Amino acid sequence: MIYVENKDLVIPGQILADDEYYSGRGTFKENGKVCSSLMGRVSLRNKKLRVIPLKSKYVPKKGDVVIGKINDVRFSMWDVDINSPYSGILPAFEVFGREKKELNKVYDVGDVLFLRVVDVDEIKKAKLGLKGRGMGKFKGGIIVDIAPTKVPRLIGKKGSMINMIKDKTKCKIVVGQNGLVWVKGDEDMEQLTREVIHLIEEEAHTSGLTNKIKNKLYLAIDGELPPEEVEEAEEEFVLEKPKLQNFKEELEQEEREAEEKKEKSDKPDIGEVIEEFKRKNKSKDNSLSLSDNSNNSFILNNK
């Protein structure tokens, strides 16, 4: 027998179900009962009970993709804040191998990077790396901070939620499993995206959230509701690995296009050059013709 429903709010020690149900993360078994070990929302799937904490800190795991900020530059590594009670380090050899370079000329304090957790030691210190699609330094944009447990809700089933936000705001968005989200676009759209992300975090446990977010985006951008509603599938709060978005290639493409545009604007138009050359030659020919006529007139008069 089960005593709670999916997404119910529970407290530590609360009995959730009898022994016929399985104990998952955030629960424990005692005297044949499945109980909650923390305050959070119930997640029920195939008779397996879990409790998702309302608030939690990110605990690094090998293979995670995270967003981090450089806190300090040392002799052979960078200290990185990964939005966790546990520290992160980016060793120099993970960036440029055995080659020796001045670290602060590569990444300096305040730089924000997209990284991968390479390893985690016994005290949960995370060794970070940059090997992987899209890894590297962010340029511009803003960082939005949410609870790591709400990351799956932000991404949505098969990326439905995050792709809807991207498509409507035209912002580039990269989500780290540590609850940090990078957003880059027009300033107004960045702020709207920040509001939408926080709304998803606050109401992650509610049903119909996809339609609510869609309506908010359309009203803010178009001034009217979308033409038709989309039914939202029920989703479970499971911390899945977000798909890597190769923002680095997109940013490099933007820089190349801007450089090409600048070079094009600096170069004179070949058609204009030809026309200018013709005008100068015509002006020169006319000048010579007038000079010749003047000389001929002088000769005839003297005759």
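Worth saying up front: this structure is predicted, and the values here are computed from it rather than measured.
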Examine [X] and [Y] and state if one hydrophobic cluster contains both, with Ile, Leu, Val, Met, Phe, Trp and Tyr joined whenever side-chain heavy atoms are less than 4.5 Å apart.
X      : Y      : value
Tyr3   : Leu9   : no
Val120 : Leu115 : yes
Phe114 : Val118 : no
Met77  : Val106 : no

Find the distance between [atom1] ([X]) and [atom2] ([Y]) and round it off to the nearest 0.5 Å.
X      : Y      : atom1 : atom2 : answer
Ile197 : Leu154 : CD1   : CG    : 5.5 Å
Ile143 : Arg194 : CD1   : CZ    : 9.5 Å
Arg50  : Ser23  : CZ    : OG    : 11.5 Å
Leu217 : Leu225 : CG    : CG    : 11.5 Å
Gln191 : Asp186 : CD    : CG    : 12.0 Å
Ile155 : Ile173 : CD1   : CD1   : 11.0 Å

Spell out, as yes or no, whether a donor-acceptor pair under 3.5 Å connects the side chain of [X] to the backbone of [Y].
X      : Y      : result
Arg116 : Leu130 : no
Asp111 : Asp108 : yes
Gln14  : Ile11  : yes
Trp182 : Val175 : no
Asp8   : Glu5   : yes
Gln177 : Asp64  : no
Asp121 : Lys124 : yes

*Run the numbers on Val109 and Asn71 for side-chain contact (heavy atoms from CB on, under 4.5 Å), then give the verdict.*
CA-CA 5 Å; Val109 174; Asn71 267 345; over 6 Å; no
Minimum side-chain heavy-atom gap [X]-[Y] below 4.5 Å:
X      : Y      : result
Met161 : Ile213 : yes
Ser36  : Leu16  : yes
Lys212 : Asn215 : no
Val174 : Val183 : no
Val181 : Val151 : no
Lys168 : Asp222 : yes
Met135 : Val65  : yes
Phe138 : Leu113 : no

_Applying side-chain contact (heavy atoms from CB on, under 4.5 Å) to Ile70 and Asp79, what does each step give before you reach the verdict?_
CA-CA 6 Å; Ile70 303 294; Asp79 280 340; over 6 Å; no
Compare every heavy atom of [Y] with every heavy atom of [X], then report the nearest pair and how far apart it is.
X      : Y      : result
Cys35  : Ile15  : SG-CG1, 4.1 Å
Glu20  : Met1   : OE1-N, 2.7 Å
Thr149 : Pro53  : OG1-O, 3.7 Å
Arg153 : Ala204 : NE-O, 2.9 Å
Leu128 : Val80  : CD1-CB, 3.8 Å
Met189 : Thr169 : CG-O, 3.4 Å

*Count the heavy atoms of every other residue, nucleotide or ligand shown that sit under 6.0 Å from NZ of Lys57, and state whether that count exceeds 12.*
no
*asked:* Would you say that more than 12 heavy atoms from the other residues, nucleotides or ligands in this model lie under 6.0 Å from the NZ of Lys33, or not?
replied: yes
*Does the side-chain contact (heavy atoms from CB on, under 4.5 Å) test come out yes or no for Val51 and Arg25, once each step is laid out?*
CA-CA 6 Å; Val51 176; Arg25 185 180 299 178; over 6 Å; no
*Given Leu38 and Val10, is the side-chain contact (heavy atoms from CB on, under 4.5 Å) satisfied, shown in steps?*
CA-CA 8 Å; Leu38 46 81; Val10 294; over 6 Å; no
*Could you tell me which residues satisfy side chain to side chain contact (heavy atoms under 4.5 Å, CB included) with Glu201, sequence neighbours excluded, listed by chain and number?*
Lys55, Ile146, Ala147, Lys150, His198
_For residues 16-46, which residue pairs pass the ring-ring contact (aromatic ring centres under 6.0 Å, His included) check, not counting sequence neighbours?_
none
*Ring geometry between Phe96 and Trp78 (parallel below 30°, tilted from 30 to 60°, perpendicular above 60°)*: perpendicular
Please output the side-chain donor-acceptor pairs of residues 81-93 that fall under 3.5 Å, not counting sequence neighbours, one pair per line with the distance.
{"from": "Asp81", "atom 1": "OD1", "to": "Asn83", "atom 2": "N", "distance (Å)": "2.9"}
{"from": "Asn83", "atom 1": "ND2", "to": "Asn178", "atom 2": "O", "distance (Å)": "2.8"}
{"from": "Ser84", "atom 1": "OG", "to": "Tyr58", "atom 2": "O", "distance (Å)": "2.5"}
{"from": "Ser84", "atom 1": "OG", "to": "Tyr86", "atom 2": "N", "distance (Å)": "3.1"}

